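Let me give you the structure first, and then I'll get to my questions.
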Amino acid sequence: MIDREEVRKVANLARLELTPAEEEQFTEQLNGILDYFEQLSELDTTKVKPTTRAIDVSNVMRSDDLQPFADGESILEGAPDRDGEFFKVPKIM
């Protein structure tokens with residue numbers, strides 16, 4: 001269980017200034033969270049496959065296929081400097 005002194009210590013590390021009422025409130029809330037985790041630890045999970053997510057997630061992005069752009073000149077018109085059909089950038093080294 002977490003006591004008020006531990007809440008004060010964490011608040012100090014996080015540079016938070018808590019009132020006594022907030023210290024009491026956070027102490028109760030954090031203890032409630034720890035109680036819930038204690039309940040979860042009582043579950044039999046021996047037949048549950050380890051996973052990083054509770055639900056399956058699939059990639060929802062489109063495939064990255066090369067698609068030529070017909071009007072390359074319109075892109076180069078917005079370039080601050082160019083050399084023919086290429087962007088010209090400052091030398092780095």
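Since this is a predicted model, take the numbers as computed values, not measurements.
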(request) Report yes if some heavy atom in the side chain of F87 is under 4.5 Å from a heavy atom in the side chain of I75; otherwise report no. (result)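 Counting from C-beta outward, F87 and I75 do come under 4.5 Å.
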(message) Are more than 12 heavy atoms, taken from residues, nucleotides or ligands other than E85, located less than 6.0 Å from that residue's CD atom?
(response)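 No, the 6.0 Å shell around CD holds no more than 12 heavy atoms from other groups.
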(message) Please find the pair of heavy atoms, one from S63 and one from D65, that lie closest to each other, and give the distance.
(response)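 Heavy-atom minimum between the residues: OG-OD2, 2.7 Å.
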(message) So, using salt bridge (Lys or Arg N to Asp or Glu O under 4.0 Å) as the criterion, who are the partners of E38 when residues are at least two apart?
(response)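 For E38, no residue satisfies salt bridge (Lys or Arg N to Asp or Glu O under 4.0 Å) once neighbours in sequence are set aside.
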(request) Quick one: closest heavy-atom pair of D71 and S74, and the distance? (result)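 So the minimum-distance heavy-atom pair works out to O-OG, 2.8 Å.
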(message) Please report the interatomic distance CZ(F37) to CG(L34), rounded to the nearest 0.5 Å.
(response)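 Those atoms lie 8.0 Å apart.
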(request) Drop me the distance from K9's NZ to N12's CG, to the nearest 0.5 angstrom. (result)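 It comes to 10.0 Å.
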(message) Determine whether a donor-acceptor pair (N or O, by modelled atom type, separation under 3.5 Å) exists between the side chain of T19 and the backbone of E22.
(response)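 The answer is yes, because a donor-acceptor pair under 3.5 Å joins these two groups.
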(message) Strictly distance-based, threshold 3.5 Å: is any side-chain N or O of E28 a donor or acceptor partner for the main-chain N or O of Q25?
(response)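 The answer is no, because no donor-acceptor pair under 3.5 Å joins these two groups.
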(request) State, to 0.1 Å, how close G84 and L76 come at their nearest heavy-atom pair, and which atoms those are. (result)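 For G84 versus L76, the nearest heavy atoms are O-CD1, 4.1 Å.
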(message) Is the shortest side-chain heavy-atom distance between M1 and D35 below 4.5 Å?
(response)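 In short, these two side chains touch, coming nearer than 4.5 Å.
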(request) Please name all residues satisfying salt bridge (Lys or Arg N to Asp or Glu O under 4.0 Å) with R8, sequence neighbours left out, ordered by chain then number. (result)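 Salt bridge (Lys or Arg N to Asp or Glu O under 4.0 Å) check on R8 returns E5, E23.
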(request) Measure across I2 and N31 and return the closest heavy-atom pair with its distance rounded to 0.1 Å. (result)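 Minimum heavy-atom contact is N-OD1, 2.7 Å.
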